[in-house]
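Convention: sequence-line order gives letters A, B, ...; per-chain numbering from 1.
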Amino acid sequence: MRKWLVFTPLAIFLGMGVFLLQGLFNDPRVLPSALINKPFPEFNLPSLYEPETRLTQDDLKGEVALLNVWATWCPTCKEEHEQLNRIGLQEGVTIYGLNYKDDPELAREWLAQYLDPYAKVIVDADGRLGLDLGVYGAPETYILDAQGVIRYRHVGEVNEKVWQNLKGLMQAIAAEGDEV
Amino acid sequence: MKWGSLLLLLMLAWPALAIESYDFSTADGERRYNQMVRELRCPTCQNQAISDSDAPLAADLRREVHRMIEEGYSDDYILEFMVNRYGDFVHYRPPFTSQTWILWFGPLVLLVLGALAVLRIARNRHITPVEVKAQQQELPSALSPQEQARLQALLKSAPQETQQETKS
């Protein structure tokens, strides 16, 4: 028994080593959203194409959809735009755009140039809605259920791999909605 | 020359321009603001307080803290506002929850364990010469009988002298 006691420090060291090694593979930039399973924050903001029209959180309800936070100043947004076009225009998934801290004029030009995958685009020029959402870096992509509740957040580029994951989650959320 | 010195002045002023200044209606509000922006962590820049960062998000958060202080909200309310949006990450002092207890008590537990280990080792080392002798006698001797006899003779001669000295 005493003999084995000698190995205690080694065991503790190995235990901590495994624990800390795991930490190396965690991306510290990925933060859990504080808004999961909470309703989308209330807002009243203009639409990008019809500045006279005000959009509110009720405009995001009705079906399981994606909400993509983007801006023309954000390089990763440009990289993921093609993927969003495939999701929105080819697969026909509803994507809402949140144009975050951007110039609406530039945003319209951008969508004219690179195509527009968004069903609706909300203009959040001063970033107040972004703040309520806990946005800390564009692009961010949220999954909303039919009741407008935030179910998932992805921070960073949406590529094919991320989309397959999001797609699975959206299908699961849509399925549970059908059961109710 | 005149332009040169003006440029120099502008360059000196540049760091001050990076962080905006706010006016406060009360001195207490300003003090609370200064404390608050040091305790809130900037979510985009990972390891900076929002007071240290010139990231646009940090500026937004400072603006919100200023707004809420001016509108008369309490520190707790402002903190809750931030945590509701950005999670516990935004606060440099993590709250005590089932997930964070190890952060709070881990070091203390390690300290106690270490102290116990040191205590144990120290106690085992604290053995009087008499006990050593007793232990040695119990152990099977690796010495030959002749050597044993010589050792006993040596042991008898030296320590007994000192013992006699102390006695007298």
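Using a 4.5 Å cut-off between heavy atoms, Ile12(A) does not touch chain B at all. For Phe89(B), the part sitting under 4.5 Å from any heavy atom of chain A is the side chain, from C-beta outward, and nothing else. If you measure heavy-atom distances from Val155(A) to chain B, you find no contacts under 4.5 Å at all. Neither the backbone nor the side chain of Val90(B) comes within contact range of chain A, judged by heavy atoms closer than 4.5 Å.
Looking at Asn68(A), its side chain never comes within 3.5 Å of a backbone N or O of Thr141(A) through a donor-acceptor pair. Of the possible donor and acceptor atoms, one in the side chain of Asp116(A) sits under 3.5 Å from a partner among the backbone N and O of Tyr118(A). Using modelled atom types, one side-chain atom of His66(B) and one backbone atom of Asp23(B) make a donor-acceptor pair closer than 3.5 Å.
Chain B forms the most heavy-atom pairs under 4.5 Å with one residue out of Leu35(A), Thr8(A), Val135(A), and that residue is Val135(A). When the candidates Ser33(A), Gly137(A), Ala34(A) are compared by the number of heavy-atom contacts under 4.5 Å with chain B, Ala34(A) comes out ahead.
Using a cutoff of 4.0 Å between basic side-chain nitrogens and carboxylate oxygens, Lys101(A) and Asp124(A) are not scored as salt-bridged.
Residues Tyr152(A) and Tyr142(A) place their aromatic rings such that the two centres sit no closer than 6.0 Å.
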